[in-house]
Visitor: 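Can you keep this structure in mind? I'll have questions shortly.
Computed from heavy atoms alone, side chains included, the values below leave out hydrogens, waters and symmetry copies.
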Amino acid sequence: MAEPTGVEEQTTVSSRTASSVHDVKSEKPPFGSRLLTDEADVWSQNAWDHVPPPDDQGEVIAAALAKQRSAPVPEDEKAKYHDKPAKHWDNFYKMNTSNFFQSRKWLHLEFPELVEAAQAEAGPLVLVEIGCGTGSAVFPLLSANKNPRLALRAYDYSNHAVKLVQTNSLYISPPIGSIKAAVWDLSSAELPPEMEPASVDIVTMIFVLSALHPHEWSQAIANVYRLLKPGGLVLFRDYGRHDLTQLRFKGGRLLDENFYIRGDKTRVYFFELDELALLFTGSPVPTTFPTSNMSSTIEEDDGLGIPQENAAASASPDTLTESINAPSGLVIPSQPSQASTSISTLQIHPTLTGELASSSHPLFAIEQLGVDRRLIVNRKRQLKMYRVWMQGKFRKL
């Protein structure tokens, strides 16, 4: 699975020089952020980091959600979207060739561990990308790889996506290191073909978990845990609560709270920080972690684009269409994390307060967990667009 997107007008903007994720443990945003210090400068570039949302954003969110809840997907139609979801992803990739997706070159800023793994002296490492789509993340890593002992494994539950990966020239003749791709459903009870438990050093989950039904999350995380060696690392990024794309969904798209069906019949969930903390550690964000909001304005042509929603403009006209090459750093204020053992049921999906109560936790320790909030600006149309993503690094215990 990879997050498809349409293509919007391209404009030239300055590049990011650092991660734009504000970790919950950090009081200040990361050095190198694009900070908007004077509102008069907002139209001077296409993206800004750590921009506070407007005062009326709460009203905008409430109005959008109320409209969606008034016209949800009918109960008797929900089952067809949950039956064989891989089929809908196959259809998506058949409609959109690999040329539709641009490389996720921004990953080296957000996850320097990937750069380190590709160094010549890094030694033997196994890196698994779950939800590889057409290879927009794994191929840039393979291209830059200098480590002859780096073994890349790419999995997706779309058979057509995997075929696109396997026919890529880099896959057929990797310059350095090795790569294998195969069809695998992250929510299945089996590990990927030819993979043994505790055999992987790093797992990437980039806009993958949001495509699963909430009832499948627990099995998915258990599979990741089984794959990783003790001390292995998960690099995670996905959609955040009240992201612009969530608020733009029209009637007839709401499957469940914060869970939607796109025009191409693929699904998407929008997470809260506490939900991710519960999934990986069994507990909400610790009260000792200061929560903070981060916004940023994003450049649409800097080659560090932030992934977009899993739907092409032609397939999902009701979603925002932007260049996948552009870090769509629009920041929409998400509700503050309830950093306590008393978790708001409005923020946490009920599967996380039920299933996890009896599961074996903690499975992982949090090394990073933060929010990437960005303000994307369309200077021509004088539009301000707020995006929210969740990002984390989780170490297997």
Side-chain angles (χ1 to χ4, degrees), residues 3-6 8 42 46-73 81 207 209-211 214 237-264 266-276 293-298 300 306-313 315-324 326-337 344 346-349 371-378 381-391:
E3 66 301 332
T5 179
E8 225 181 36
V42 68
N46 292 352
W48 299 95
D49 300 309
H50 319 294
V51 178
D55 293 339
D56 65 347
Q57 190 62 37
E59 299 174 8
V60 172
I61 292 172
L65 297 183
K67 189 173 182 179
Q68 293 168 358
R69 289 165 181 156
S70 68
V73 175
Y81 297 120
F207 296 90
L209 202 63
S210 56
R237 188 174 177 91
D238 222 317
Y239 296 100
R241 187 68 47 84
H242 302 152
D243 175 49
L244 174 63
T245 57
Q246 178 180 7
L247 302 186
R248 288 173 69 103
F249 275 108
K250 307 300 182 182
R253 301 293 187 190
L254 184 65
L255 290 166
D256 195 0
E257 283 297 300
N258 307 303
F259 192 36
Y260 300 81
I261 193 72
R262 299 188 180 94
D264 57 11
T266 60
R267 305 170 302 188
V268 59
Y269 186 87
F270 296 84
F271 290 98
E272 264 291 358
L273 285 176
D274 275 328
E275 290 177 320
L276 298 176
N293 291 335
M294 159 186 121
S295 308
S296 61
T297 311
I298 298 180
E300 299 181 49
I306 301 304
Q308 312 299 306
E309 51 277 9
N310 286 308
S316 301
D318 55 347
T319 57
L320 175 68
T321 57
E322 300 171 18
S323 167
I324 197 168
S328 18
L330 313 183
V331 181
I332 286 192
S334 66
Q335 299 173 359
S337 173
S344 169
L346 294 178
Q347 294 183 349
I348 304 301
H349 195 278
V371 185
D372 187 347
R373 300 181 186 279
R374 302 191 191 174
L375 169 64
I376 292 188
V377 176
N378 184 315
R381 299 174 61 191
Q382 297 285 284
L383 294 177
K384 298 178 183 180
M385 300 168 284
Y386 296 88
R387 299 297 305 270
V388 183
W389 295 281
M390 300 288 138
Q391 185 164 305

Visitor: For the atom pair CG (Asp238) and CE (Met390), what is the distance rounded to the nearest 0.5 Å?
Guide: 10.0 Å

Visitor: Do the side chain of Gln68 and the main chain of Gln246 share a donor and acceptor less than 3.5 angstrom apart?
Guide: yes

Visitor: Carefully, step by step, assess Asn46 and Ile376 under the rule side-chain contact (heavy atoms from CB on, under 4.5 Å).
Guide: CA-CA 6 Å; Asn46 292 352; Ile376 292 188; 5.6 Å; no

Visitor: Sub-3.5 Å donor-acceptor pair from the side chain of Glu257 to the main-chain atoms of His349, do we have one?
Guide: no

Visitor: Determine yes or no for a side-chain-to-main-chain donor-acceptor pair under 3.5 angstrom, with Arg241 supplying the side chain and Phe270 the backbone.
Guide: yes

Visitor: Check this for me: Asp56, atom CG, are more than 12 non-hydrogen atoms of other residues, nucleotides or ligands nearer than 6.0 Å?
Guide: yes

Visitor: Report the C-alpha separation of Tyr239 and Phe207 in whole Å, then their side-chain angles, then the decisive distance to 0.1 Å, and conclude whether the ring pair (Phe, Tyr, Trp, His ring centres under 6.0 Å) test is met.
Guide: CA-CA 7 Å; Tyr239 296 100; Phe207 296 90; 4.7 Å; yes

Visitor: Going from CG on Asp274 to CD1 on Ile348, what distance comes out if it is rounded to the nearest 0.5 angstrom?
Guide: 4.5 Å

Visitor: Yes or no on side-chain contact (heavy atoms from CB on, under 4.5 Å) for Leu247 and Gln57, after CA distance, side-chain angles and deciding distance?
Guide: CA-CA 11 Å; Leu247 302 186; Gln57 190 62 37; 3.9 Å; yes

Visitor: How long is the straight-line distance from CE of Met385 back to CG of Asp243, given to the nearest 0.5 Å?
Guide: 11.5 Å

Visitor: Kindly indicate, with the supporting measurements, whether the criterion side-chain contact (heavy atoms from CB on, under 4.5 Å) is fulfilled by Val73 and Tyr260.
Guide: CA-CA 9 Å; Val73 175; Tyr260 300 81; over 6 Å; no

Visitor: State, with a plain yes or no, whether a side-chain heavy atom of Val388 is found less than 4.5 Å away from one of Asp372.
Guide: no

Visitor: First locate atom OG of Ser70, then atom CG of Leu254, and finally report the distance between them rounded to the nearest 0.5 Å.
Guide: 9.5 Å

Visitor: A side-chain contact here means heavy atoms from C-beta on lying under 4.5 Å apart; do Leu255 and Arg267 qualify?
Guide: yes

Visitor: Show, in sequence, the C-alpha distance, side-chain angles and deciding distance for Leu383 and Val377, and conclude whether the side-chain contact (heavy atoms from CB on, under 4.5 Å) test is met.
Guide: CA-CA 6 Å; Leu383 294 177; Val377 176; over 6 Å; no

Visitor: Could you label the plane-to-plane angle of the Tyr269 and Phe259 rings as parallel, tilted or perpendicular, counting under 30° as parallel and over 60° as perpendicular?
Guide: tilted

Visitor: Is there side-chain contact between Leu65 and Phe249, with at least one heavy-atom pair below 4.5 Å?
Guide: no

Visitor: What I want to check is whether the side chains of Asn258 and His242 have a donor and an acceptor closer together than 3.5 Å.
Guide: no

